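To keep things clear, I will list the structure first and then write my remarks on it.
Keep in mind that what you see is a predicted model, and the values were worked out from it rather than measured. Values reported hereafter were calculated over all heavy atoms of this structure, with side chains retained and with hydrogens, waters and symmetry mates removed. Lettering follows sequence order; numbering is per chain, from 1.
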There are 2 protein chains.
Amino acid sequence: MKESLRRFKAEVFQALAHPTRIAIVEALRDGELPAGKLIEKLGLEQANASQHLAILRAKRIVVNRKAGNQVFYTLRDPVLIEVLDVLRRYFYSHLTDTLSLLEEIGDESGAIAIKAEVPAK
Amino acid sequence: MKESLRRFKAEVFQALAHPTRIAIVEALRDGELPAGKLIEKLGLEQANASQHLAILRAKRIVVNRKAGNQVFYTLRDPVLIEVLDVLRRYFYSHLTDTLSLLEEIGDESGAIAIKAEVPAK
DNA sequence: TCATTATATTCGAAAACTCGAATATACGTA
DNA sequence: TACGTATATTCGAGTTTTCGAATATAATGA
């Protein structure tokens, strides 16, 4: 049914609708990482990271594997990286509008600096 | 800055993280539609539709044009349709896991029926 | 001007999300 | 067994979303 599919898509979007979770997905881009490395790499609170990972697990965005002491996370399907890449292009192709959007949202960081470095990565 | 980009992506995902808004985007797939047609086509409450449209507007997912009495909506960038299509494929390629996910979420509709009709559209 | 139609906005309540603090669990090792 | 490390879960407060009901606005036509 059409409805299920929409619900499913909404669930996936919902799962990705947080900067931290996006950061996690991006960090897993090049392969498996233990929770600890993610926390370190992204500078997260341990509990907070675990909560976000729980969400990504629940929505099947990531899968995990226990190895002794630690838990390794992997993206279940790299297609999600493609989605993020599409959005990056989307971001830059509408750069002007996007910047004003970020302003409205209240973007503290130097979003304007992007203008200087331009795309790349 | 990396952070802005993630924030931006999160905003877009957030905007799409609702079945009704996904339905709206899909309905605009083949071009412009006035709000009224969207309401009719999707069977929405007028106020509710307007609220969701406001969100899609705020996040620049759609743009609108006034013509006399009515307001026509268009997708700002059809690349978003691609994203939805990618997710449809994702949905089917993990069908088994996905179904159990939908169950957990509490999917009333006949999700299982999908097994019968399979992909297509 | 007064209706009528199309759409948007505001309001208040219920539900869902997010965070850090505290606590729990599981494994490895002394 | 007792301890340390890695990770997960629970709790409560604050914030954000979502909805329908009511109301507002804008354009059209009588």
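Remark: A:Glu3 engages A:Arg6 in a salt bridge, criterion side-chain N to carboxylate O under 4.0 Å. Between A:Lys37 and A:Glu40, at least one side-chain N (NZ, or NE/NH1/NH2) sits under 4.0 Å from a carboxylate O, which counts as a salt bridge.
Nucleotide C:dA8 holds its P atom 11 Å from the CD atom of B:Gln70, rounded to whole Å. Counting to the nearest Å, the P atom of D:dT7 and the CG atom of A:Leu56 are 16 Å from each other. One atom, CD of B:Glu40, and another, P of C:dT7, lie 11 Å apart when rounded to the nearest Å. Atom NZ in A:Lys37 sits roughly 15 Å away from atom P in D:dT5 (whole-Å rounding). Counting to the nearest Å, the C1' atom of C:dA8 and the CZ atom of B:Arg57 are 7 Å from each other. Straight-line distance from the CG atom of A:Leu33 to the P atom of D:dT7: 11 Å, rounded to whole Å. When the C1' atom of C:dA8 is taken as reference, atom CD1 of B:Ile24 falls 14 Å away, rounded to whole Å.
B:Tyr73 and B:Arg57 share a side-chain donor-acceptor pair at under 3.5 Å.
Relative orientation of the A:Phe8 and B:Phe91 rings is perpendicular, given thresholds of 30° and 60° on the angle between their planes.
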How does protein contact run along nucleotides 18-30 of chain C, one letter per nucleotide 5' to 3', with B for base contact, S for sugar-phosphate only, - for none, heavy atoms under 4.0 Å? SBBBB----BS--

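Between A:Leu33 and A:Lys41 the shortest side-chain heavy-atom distance falls below 4.5 Å. A:Val62 is not listed as a side-chain neighbour of A:Phe72, based on a closest heavy-atom distance of 4.5 Å or more.
With rounding to the nearest 0.5 angstrom, the CD1 atom of B:Ile24 is 6.0 Å from the CG atom of B:Leu44. Atom NZ of residue A:Lys9 and atom CG of residue B:Asp85 lie 6.5 Å apart, to the nearest 0.5 angstrom.
A:Tyr73 has no side-chain polar atom (N or O) that falls below the 4.0 Å cut-off from OP1 or OP2 of D:dA6.
When the local axes at the two ends of the helix from C:dT1-D:dA30 to C:dA30-D:dT1 are compared, using 5 base pairs at each end, they differ in direction by 10° after rounding to 10°.
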